[in-house]
Amino acid sequence: MFTSRKNVEDFTGPRERSDLGFITFDITADLENIFDWNVKQLFLYLSAEYSTKNNALNQVVLWDKIVLRGDNPKLLLKDMKTKYFFFDDGNGLKGNRNVTLTLSWNVVPNAGILPLVTGSGHVSVPFPDTYEITKSY
Amino acid sequence: MLSLDFLDDVRRMNKRQLYYQVLNFGMIVSSALMIWKGLMVITGSESPIVVVLSGSMEPAFHRGDLLFLTNRVEDPIRVGEIVVFRIEGREIPIVHRVLKIHEKQNGHIKFLTKGDNNAVDDRGLYKQGQHWLEKKDVVGRARGFYQDNRSVEDRNYLFLILEL
């Protein structure tokens, strides 16, 4: 996993300068046991959770994937870039040592309850204290 | 024809039987209303059951599918959840997934949503100048799902009626 950070105007929303984080990651997962007779699809997502001075709790979805019944349940993804921009609401990523990444999934049944499940493993990612000056993403 | 048979039956009944039938009918309607109101109380949502209106959450939900909602204030809003929300000033509720949340110490939360089948998040849908949704915009959280198994013609007929 590799992280770096810039301070940029959040061009996706409010135009204040906010921290923008970059993360590259690998995912290995075997989803076979989650698919039972009533599962139509899984909505898999990687989210980052952390605390900042501005906000007690922040959660940002970095990447997601839809896994349909019948798709290969074994995932082996390498060097993935985040699907969504990791903007903080402020400058809370700088020097933040405790950004936790977890993999979760939403089970969509053929009919019935829609549970949200969080995987038991998680990774803590520290962000550097300095900003990157130039970067091509 | 069916309608004429029904009228003949009514004419054959005396007044008491007719009143009895009207009361019976009233009971059925009241029971249905009570069940609906009861659901509203249990789930805490003003619309405990909603129909999916667009394809923005495909392939999970298609137009015509049913979603069962709860709206308990104590339930925290977290990413990955499917929320039904209304944009200020608009009538039609939208069913999308929570993409980002920022919650303050005092519990005040602002969040961003996106439809699974959309390429971009919902900021373009929100009101002019609005960047986030808040708890007050939420109609409910999707907890259960029932797929619409009817044919395409029947489904289109249903939407014609809904739009009226």
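Proteins come first, then strands; the chains are lettered A, B, ... in the order of their sequence lines, and each starts at number 1. Both backbone and side-chain heavy atoms feed into the values below; hydrogens, waters and symmetry mates do not.
- Of the two parts of B/Ile109, neither the backbone nor the side chain holds a non-hydrogen atom closer than 4.5 Å to a non-hydrogen atom of chain A.
- Of the residues considered (B/Lys114, B/Glu81, B/Gln147, B/Arg143), B/Arg143 shows the highest number of contacts with chain A, using heavy-atom pairs under 4.5 Å.
- Contact between B/Phe145 and A/Asn110 at its shortest, heavy atoms only, is CE2-O, 3.6 Å.
- Looking at A/Gln59, the atoms closer than 4.5 Å to chain B (heavy atoms on both sides) sit in the backbone and in the side chain alike.
- Screening B/Lys104, B/His131, B/Lys110 for a side chain to side chain donor-acceptor pair (under 3.5 Å) involving A/Asp89 leaves a single residue, B/Lys110.
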Just list the side-chain donor-acceptor pairs under 3.5 Å for residues 17-31 of chain B, sequence neighbours left out, or say none.
residue, atom, partner, partner atom, Å
B/Gln17, OE1, B/Asn14, N, 3.2
B/Ser30, OG, B/Gly26, O, 2.8
B/Ser31, OG, B/Met27, O, 2.8

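- In terms of non-hydrogen atom pairs under 4.5 Å with chain B, the most contact-rich of A/Ser104, A/Pro115, A/Gly112, A/Ser47 is A/Gly112.
- In B/Glu134, the CD atom is crowded: over 12 heavy atoms of neighbouring residues, nucleotides or ligands sit closer than 6.0 Å.
- More than 12 heavy-atom neighbours from other residues, nucleotides or ligands sit within 6.0 angstrom of CG on A/Leu77.
- Within the 4.5 Å cutoff, side-chain heavy atoms of A/Val108 are placed close to those of B/Phe61.
- Contact annotation for B/Val98: only backbone heavy atoms (N, CA, C, O) come within less than 4.5 Å of a heavy atom of chain A.
- The 12-atom threshold is not exceeded at NZ of A/Lys65, counting heavy atoms of other residues, nucleotides or ligands nearer than 6.0 Å.
- B/Leu66 does not touch chain A: none of its heavy atoms, backbone or side chain, sits under 4.5 Å away.
- Neither the backbone nor the side chain of A/Leu62 comes within contact range of chain B; no heavy atom of the residue lies under 4.5 Å from a heavy atom of that chain.
- Between A/Leu57 and B/Ile101, the closest side-chain pair of non-hydrogen atoms falls below 4.5 Å.
- Counting heavy atoms from C-beta outward, A/Asn106 and B/Arg97 have side chains that approach closer than 4.5 Å.
- Taking chain B as the reference chain and counting heavy-atom pairs below 4.5 Å, the highest number among A/Asn55, A/Val61, A/Leu116 is found for A/Asn55.
- Expressed to the nearest 0.5 Å, how far CG of B/Leu99 lies from OH of A/Tyr45 amounts to 11.0 Å.
- Cluster membership check: A/Leu68 shares its hydrophobic cluster with A/Phe43, using side-chain heavy-atom separations under 4.5 Å among Ile, Leu, Val, Met, Phe, Trp and Tyr.
- Without hydrogens or angle criteria, A/Gln41 side chain to B/Ala60 main chain gives a donor-acceptor distance under 3.5 Å.
- Side chain to side chain, A/Tyr84 and B/Lys100 fail the donor-acceptor criterion of an N or O pair below 3.5 Å.
- Residues B/Val120 and A/Phe87 fall into different hydrophobic clusters, defined by Ile, Leu, Val, Met, Phe, Trp and Tyr side chains chained together at heavy-atom separations under 4.5 Å.
- Residue A/Tyr50 touches chain B through its side chain alone, counting heavy-atom pairs closer than 4.5 Å.
- Residue B/Lys136 places its NZ atom among more than 12 non-hydrogen atoms of other residues, nucleotides or ligands, all under 6.0 Å distant.
- Hydrophobic clustering (side-chain heavy atoms under 4.5 Å, transitive across Ile, Leu, Val, Met, Phe, Trp, Tyr) keeps A/Ile113 apart from A/Val107.
- Annotation: A/Lys53, atom NZ; neighbour count of heavy atoms from other residues, nucleotides and ligands within 6.0 Å does not exceed 12.
- Transitive grouping of hydrophobic side chains (ILVMFWY, heavy atoms separated by less than 4.5 Å) brings A/Ile27 and A/Val99 into a common cluster.
- Counting heavy atoms from C-beta outward, A/Phe85 and B/Asp121 have side chains that stay 4.5 Å or more apart.
- B/Ile42 is not connected to B/Tyr146 by any chain of hydrophobic side-chain contacts under 4.5 Å among Ile, Leu, Val, Met, Phe, Trp and Tyr, and they are in different clusters.
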